[in-house]
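Counting from 1, the numbers follow the sequence of the chain as shown.
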Amino acid sequence: MRLKIAACAFAMICLAPMAHGQEAAPPLTFGDLTVSGSVRARAYSWNWFGSDPSGDYSYPGALFRLAFSQNRKAYDWLVELGAPVIVGLPSTAVQAAPKGQLGLGGSYFAANSNSTDNASLFIKQAAVRFKGLGGVEGQSLKVGRIEFGDGGEVTPKNASLAVVKRERINQRLIGTFGFTDVGRSFDGAQYTNGTAKTNVTILAARPTQGVFQVDGWGELNINVFYGSVTGQVGNGGNVAGEWRIFGIGYQDYRHGVAKTDNRPAAVRNADTGDIDIGTYGGHYIEVANTRAGPVDVLLWGVVQNGSWGSLAQRSGAFAAEAGWQPAGIPSLKPWIRGGYNYGSGDSDPNDQKHGTFFQVLYTPRVYARTPFFNQMNNKDAFVEFTVRPSTRLAIRSDVHSLKMASSADFWYSGGGAFQPSTFGFNGRSVNNNSDLSTLWDLSGDITINQRAAVGLYYGHAAGGAIPQAIYSSSDALRLVYAELFLHF
């Protein structure tokens with residue numbers, strides 16, 4: 001299998017330079033109709049904690065997208081098709097609890113009726129946006145099947161601020177789960193009223209199926225409501241910042257789907273009550289230009305209440321981060337960042353309160369580049385280092401110290417609901433341990449031209465006391481993938 005992944009990666013890297021000398025092709029247009037598309041292909045290799053050969057496997061996956069759009073003065077519309085292809089999945093990477101799914105290959109296999117080869121075609125987006133409502137510039141209403149990520153309502157003009165927001169704010173609670181070979185969309189309506197300084201966004205929608213399940217046609221019996229106000233700080237001087245306050249309502253009516261939490265299995269399975277959670281919070285990010293180079297800070301936090309079936313939801317999370325781009329090294333353009341992310345855990349499985357931070361419908365891989373954990377019941381202290389030796393190459397390495405917020409709770413992974421009969425988050429008992437892992441990774445992203453890019457990633461997660469107890473081994477988790485991205 002390792003020879004197979006090496007061959008796939010080699011083929012992708014050799015194919016990509018063929019596009020290097022090509023001129024950037026303009027979009028395909030037929031009158032005022034625009035046709036665009038993309039292909040993202042990856043070859044993955046997983047080696048899950050321990051020496052079990054079921055956790056050592058490789059497989060390729062790809063997502064093809066083709067869109068048709070038209071832009072008029074009063075409205076625009078978009079129809080996009082998605083076609084995921086995932087083949088050669090491992091048939092033994094799903095094991096009985098507490099071992100569970102041994103990497104995302106097991107997740108794809110379980111989500112597609114235990115099939116090793118899977119493909120589908122569905123409507124990924126189909127929406128109409130009405131612009132200039134009431135004669136107000138910047139006021140619009142989008143209706144249909146759309147993609148949405150919280151925190152992505154506005155792109156700051158300051159380039160450094162935009163990167164911080166994209167990498168460390170966007171999709172913390174609602175997202176497309178775009179790292180997977182299927183992704184997630186939303187059926188509903190999005191209202192926007194934006195000016196140069198302030199943006200108001202309101203969303204009412206239902207998430208679609210997808211993520212690991214290749215059939216992305218249907219929607220789930222879940223309601224999501226989101227409202228935010230975002231403001232820009234600074235006037236183009238030495239300081240640029242942004243603030244946002246927001247609220248999220250989440251209602252899960254999928255009766256018969258067992259919730260993932262730390263209660264005894266019999267109690268958990270008997271609780272068929274709905275999930276109805278409110279999440280309230282905000283963020284502030286700022287970049288200040290100093291003589292020593294730009295310095296950035298980030299603060300993000302939320303509290304949650306409502307009901308988790310028969311339990312009262314009482315939870316929260318926060319992030320505090322900072323970064324520095326040292327001046328005087330223009331050949332590398334280094335950027336050093338670090339911080340601490342906390343998501344509350346549940347300290348008592350027998351009381352009437354659910355204290356685990358619920359991460360709603362987010363995109364895990366933005367915040368867990370080797371996605372074997374999320375921010376639920378989690379303490380994540382990290383350092384990140386990025387260099388850009390050229391405009392075409394970015395190299396990044398992270399180190400994360402991962403521990404449980406509560407040793408009475410679970411080790412959680414996943415990014416939320418994606419099919420009618422699956423809860424969407426996995427949980428493993430931590431056996432009163434708190435040490436999950438130390439994760440180190442390295443990635444390289446190469447822009448070949450305006451239509452092609454390649455990427456390589458390696459993640460190495462040393463097993464702490466928790467995976468050692470579950471998998472009876474101190475062996476590490478490893479993820480390697482090679483990626484080719486083409487678009488027109």
Check your understanding: CD1 of Ile275 to CD1 of Ile222: how many Å apart, nearest 0.5 Å?
Key -> 8.0 Å

Study note, to complete from the structure: Interatomic distance, NZ@Lys99 vs CD1@Ile470, rounded to 0.5 Å, equals 10.0 Å

**Study point:** Lys142 side-chain N/O to Thr192 backbone N/O, donor-acceptor pair under 3.5 Å
**Key:** no

Exercise for review: State which residue, out of Thr201, Ile285, Ile169, fulfils the side-chain contact (heavy atoms from CB on, under 4.5 Å) condition with Arg244.
Suggested key: Ile169

Exercise for review: Return yes if a side-chain donor-acceptor contact under 3.5 Å exists between Gln101 and Ser107, otherwise no.
Suggested key: yes

Check your understanding: Between Asn193 (side chain) and Gln139 (backbone), is there a donor-acceptor pair under 3.5 Å?
Key -> no

Review point. Do you know the tightest heavy-atom contact between Arg263 and Ser310?
Key: NH1-OG, 3.7 Å

Check your understanding: Aromatic ring centroids of Tyr44 and Tyr108 under 6.0 Å?
Key -> no

Point to revise | Beyond-backbone contact of Asp380 with Tyr367, side-chain heavy atoms, under 4.5 angstrom | key: no

Check your understanding: Taking all non-hydrogen atoms of both residues, which atom of Arg145 and which atom of Asp187 are closest, and how far apart?
Key -> NE-OD1, 2.7 Å

Review point. Does Lys124 offer a backbone N or O that forms a donor-acceptor pair with the side chain of Ser185 under 3.5 Å?
Key: yes

Review point. Do Pro207 and Val224 have side-chain heavy atoms sitting under 4.5 Å apart?
Key: yes

Exercise for review: Mind listing the closest non-hydrogen atom pair of Tyr362 and Gly414 along with its distance?
Suggested key: CE2-O, 3.4 Å

**Study point:** Exam field: side chain Thr363 to backbone Thr176, donor-acceptor pair closer than 3.5 Å
**Key:** yes

Point to revise | Leu203 vs Ile146 side-chain heavy atoms within contact, under 4.5 Å | key: yes

Review point. Counting distance only, does the side-chain N/O of Gln375 pair as donor-acceptor with the main-chain N or O of Pro364 below 3.5 Å?
Key: no

Check your understanding: For Arg65, does its backbone N or O pair with a side-chain atom of Glu80 as donor and acceptor, under 3.5 Å?
Key -> no

Practice item. Could you give me the CA-CA distance, side-chain angles and deciding distance for His354 and Asn262, then say whether side-chain hydrogen bond (donor to acceptor under 3.5 Å, both in side chains) is met? Key: CA-CA 9 Å; His354 182 244; Asn262 63 336; 5.6 Å; no

Practice item. I would like to know whether Phe357 and Tyr342 meet ring-ring contact (aromatic ring centres under 6.0 Å, His included); could you show each step before the answer? Key: CA-CA 9 Å; Phe357 167 57; Tyr342 174 88; 9.1 Å; no

Exercise for review: Determine whether Asn378 and Asn341 make a side-chain contact, defined as any pair of heavy atoms from C-beta on separated by less than 4.5 Å.
Suggested key: no

Point to revise | Asn223 versus Arg206, side-chain donor and acceptor atoms under 3.5 Å | key: yes

Review point. So, do Pro84 and Phe122 sit near enough that their side-chain heavy atoms are less than 4.5 Å apart?
Key: yes

Exercise for review: Ignoring hydrogens and angles, state whether a donor on the side chain of Asp441 or Tyr457 is under 3.5 Å from an acceptor on the partner side chain.
Suggested key: yes

Review point. What is the minimum heavy-atom distance between Gly105 and Trp46, and which atoms define it?
Key: N-NE1, 4.4 Å

Exercise for review: Of all the heavy-atom pairs spanning Thr279 and Leu173, show the shortest one and how long it is.
Suggested key: CG2-CD1, 3.9 Å

Review point. At what distance, to the nearest 0.5 angstrom, does CZ of Arg254 lie from OG1 of Thr422?
Key: 7.5 Å

Practice item. Could you walk me through whether Thr208 and Trp217 pass the side-chain contact (heavy atoms from CB on, under 4.5 Å) test, one step at a time? Key: CA-CA 7 Å; Thr208 65; Trp217 279 103; over 6 Å; no

Review point. Distance under 6.0 Å and angle within 45° of the ring axis: does Arg172 meet both against Phe246?
Key: no

Check your understanding: Does the side chain of Glu153 pick up a donor-acceptor pair with the side chain of Tyr226 at under 3.5 Å?
Key -> yes

Check your understanding: Using the ring of each side chain (for Trp, its six-membered ring), is Trp411 parallel, tilted or perpendicular to Tyr471, with breaks at 30° and 60°?
Key -> perpendicular

Practice item. Without swapping roles, check the side chain of Lys259 against the backbone of Asp271 for a donor-acceptor pair under 3.5 Å. Key: yes

Point to revise | Test item: Ser344 side-chain N/O and Gly316 main-chain N/O as donor-acceptor pair under 3.5 Å | key: yes

**Study point:** Phe425/Phe410 aromatic ring centres below 6.0 Å
**Key:** no

**Study point:** Under 3.5 Å: donor-acceptor pair, side chain of Asn112, backbone of Val214
**Key:** yes

Point to revise | Spacing of Leu89 atom CG and Asn114 atom CG [to the nearest 0.5 Å] | key: 10.5 Å

Practice item. Measure from NZ or CZ of Arg365 to the centre of the six-membered ring of Tyr481, then state whether that distance is under 6.0 Å and the direction lies within 45° of the axis. Key: no

Review point. Applying the ring-ring contact (aromatic ring centres under 6.0 Å, His included) test to Phe423, which of Phe418, Tyr412, Trp308 qualifies?
Key: Trp308

Practice item. Give a yes or no answer on whether the side chain of Ser38 reaches the backbone of His487 with a donor-acceptor pair at less than 3.5 Å. Key: no

Review point. Between Ala205 and Phe186, which heavy-atom pair has the shortest distance, and what is it?
Key: CB-CB, 3.8 Å

Review point. Are Phe488 and Leu66 side-chain neighbours, meaning at least one heavy-atom pair lies under 4.5 Å?
Key: yes

Practice item. Indicate whether the side chain of Asn118 and that of Gln213 have a donor and an acceptor atom separated by less than 3.5 Å. Key: no

Study note, to complete from the structure: Between His255 and the options Thr272, Asn221, Asp274, the side-chain hydrogen bond (donor to acceptor under 3.5 Å, both in side chains) test singles out Asp274

Point to revise | Full working for salt bridge (charged side-chain N to carboxylate O under 4.0 Å, His left out) between Arg40 and Asp181 | key: CA-CA 8 Å; Arg40 190 192 65 198; Asp181 294 303; 3.7 Å; yes

Check your understanding: Do the non-hydrogen side-chain atoms of Phe212 and Leu104 ever get within less than 4.5 Å of each other?
Key -> yes

**Study point:** Side chain proximity check, Asp215 to Gln419, heavy atoms < 4.5 angstrom
**Key:** no

Check your understanding: Taking atom CD1 of Ile174 and atom CZ of Phe148, what is their separation to the nearest 0.5 Å?
Key -> 5.5 Å

**Study point:** Glu137 atom CD, over 12 foreign heavy atoms within 6.0 Å
**Key:** no

Practice item. Calculate, to the nearest 0.5 Å, the distance between atoms CD and CZ belonging to Glu384 and Arg168 respectively. Key: 6.5 Å

Point to revise | His400 and Phe382 aromatic ring geometry - parallel, tilted or perpendicular at 30°/60° bounds | key: parallel

Check your understanding: Between Arg72 and Asp32, is the closest basic N to carboxylate O distance under 4.0 Å?
Key -> yes

Practice item. Carefully, step by step, assess Gln171 and Phe177 under the rule side-chain contact (heavy atoms from CB on, under 4.5 Å). Key: CA-CA 9 Å; Gln171 304 191 57; Phe177 217 138; over 6 Å; no

Review point. Just checking, is any N or O donor in the side chain of Ser443 or Arg369 under 3.5 Å from an acceptor N or O on the other one?
Key: yes

Practice item. For Asp276 and Gln313, run side-chain hydrogen bond (donor to acceptor under 3.5 Å, both in side chains): C-alpha distance rounded to whole Å, both residues' side-chain angles, the deciding distance at 0.1 Å, then the answer. Key: CA-CA 9 Å; Asp276 192 347; Gln313 181 77 24; over 6 Å; no

Review point. Do you see a donor-acceptor pair shorter than 3.5 Å between the side chains of Tyr280 and Asn305?
Key: yes

